[in-house]
Student: 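Attaching a single structure in structure tokens format; questions to follow.
Side chains are part of it too, since the values below use all heavy atoms of this structure and drop only hydrogens, waters and symmetry mates. Remember, it's 1-based here, ligands and their atoms both numbered in the order they're listed. Quantities reported herein were computed from a predicted structural model and do not represent experimental measurements.
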Amino acid sequence: MNPAHFSSAAALHSVFKPNNMPGVGTPIGTPIGTPIGTPIGTPIGSPIGTPSGTPVHAPALVTASGLRTQLCNVEHLEQLHDPLESSKRLASYLAVDNHFLPLVAAKYSQQLENASTANKADDTPLVVGVGSGSTVVYCAERLGEIKRTFPEILHDLNFICISTGFQSKNLIIENGLRLGLIDNYDKLDMAFDGADECDENLNCIKGGGACLFQEKLVSLSSDKFVVVADYRKKVKNLGSKWSIPIEVIPNSYKYVENQLAKIEGFQKSQLRQGGQFKAGPVVTDNCNCILDVNFGQIANPAELHSKLIQIVGIVETGLFPNKNCIAAYFGNSNGTVDSIVL
Ligand SMILES: O=C[C@H](O)[C@H](O)[C@H](O)COP(=O)(O)O
């Protein structure tokens with residue numbers, strides 16, 4: 001990790017505080033100064049003459065910063081009921097702006113260039129994973145705003161979102177995004193998701209919402225993975241505060257618990273219960289159960305994961321040793337955001 005990449009919370013604080021008061025700002029989804037839906041960068045461009053006199057269209061320049069100016073300004077967002085929620089939203093918006101917009105700009109510019117030079121069109125879709133939990137909700141919101149603001153660009157890029165479970169499927173649909181199935185795509189371009197713990201090297205523990213299997217499938221299928229969370233999730237070592245959620249085939253949980261107890265560092269295992277809304281254990285989107293397993297602080301997440309995944313009955317672990325995570329954004333309690341960008 002390059003510490004220089006930690007964004008300065010102080011700098012963000014000074015930028016955001018003045019306009020961050022209740023009642024000030026622009027409603028989410030209203031691009032400042034631009035009518036909703038005004039596409040920029042569509043293949044307009046001024047006709048220019050070729051030596052032979054045939055008019056061609058010069059491709060318009062599409063940049064991430066150009067696109068961003070058409071979106072709701074993150075410095076003028078209305079406060080939510082809770083400052084921590086506001087900072088989770090800010091973290092998510094920054095994550096999408098900093099990583100998704102450049103992707104859109106690059107792919108669209110390429111598409112325009114192909115059109116103007118009669119190169120073969122690139123018809124591979126732009127596929128993005130949308131994870132689960134309370135923080136990634138704001139990523140879906142920003143992606144929805146981007147789609148509403150640039151409908152033609154996103155249409156031309158064939159923008160598709162992949163869910164990590166029931167909640168995330170609804171998030172995608174409610175934000176007006178197009179839902180796709182992961183098994184229809186060779187790979188995803190990018191995925192956004194929350195985390196229960198995240199260390200400086202962007203290893204994570206996930207699965208607090210029992211969605212870890214599909215989350216791992218989506219994140220590993222993606223070229224790039226970006227985490228959004230709040231400051232409580234940033235830890236020195238995984239296992240500092242959270243147990244590891246482990247998805248197990250229901251009738252194997254006793255066997256799995258017995259095997260777990262033989263692994264060095266094992267402290268405790270608990271079958272997650274549904275609580276007041278579900279008699280008996282939590283049932284995942286894949287109809288399995290969750291064991292929350294405590295190994296204390298984890299020195300080597302990859303090594304522990306490979307020991308666990310060998311146990312018959314374990315479908316997947318909530319340990320996410322970093323494979324492709326490029327950045328994490330953490331909302332602070334005072335409304336600012338810290339980031340780690342590798
Ligand atoms: O299974 C759920 C996921 O791993 C969530 O992404 C994780 O629990 C973080 O959720 P939240 O953003 O609500 O803290």
Student: Could you tell me whether the side chains of Q70 and T149 share a donor-acceptor contact shorter than 3.5 Å?
Tutor: no
Student: Side chains of E141 and Y93: closer than 4.5 Å at any heavy-atom pair?
Tutor: yes
Student: At a 4.0 angstrom heavy-atom cut-off, what protein residues surround ligand 1?
Tutor: S132, G133, S134, T135, D193, G194, A195, D196, K206, G207, G208, G209, A210, C211, E215, K233
Student: Would you say the side chain of L188 lies within less than 4.5 Å of the side chain of V128, judging by non-hydrogen atoms?
Tutor: no
Student: Between D189 and K224 (salt bridge meaning N to carboxylate O under 4.0 Å), is one present in this structure?
Tutor: no
Student: With a 4.5 Å heavy-atom cut-off, do Y185 and I162 have their side chains touching?
Tutor: yes
Student: Start with the C-alpha gap between N158 and R178, add the side-chain angles, then the distance that decides, and say whether side-chain hydrogen bond (donor to acceptor under 3.5 Å, both in side chains) holds.
Tutor: CA-CA 9 Å; N158 196 4; R178 188 141 65 99; 2.4 Å; yes
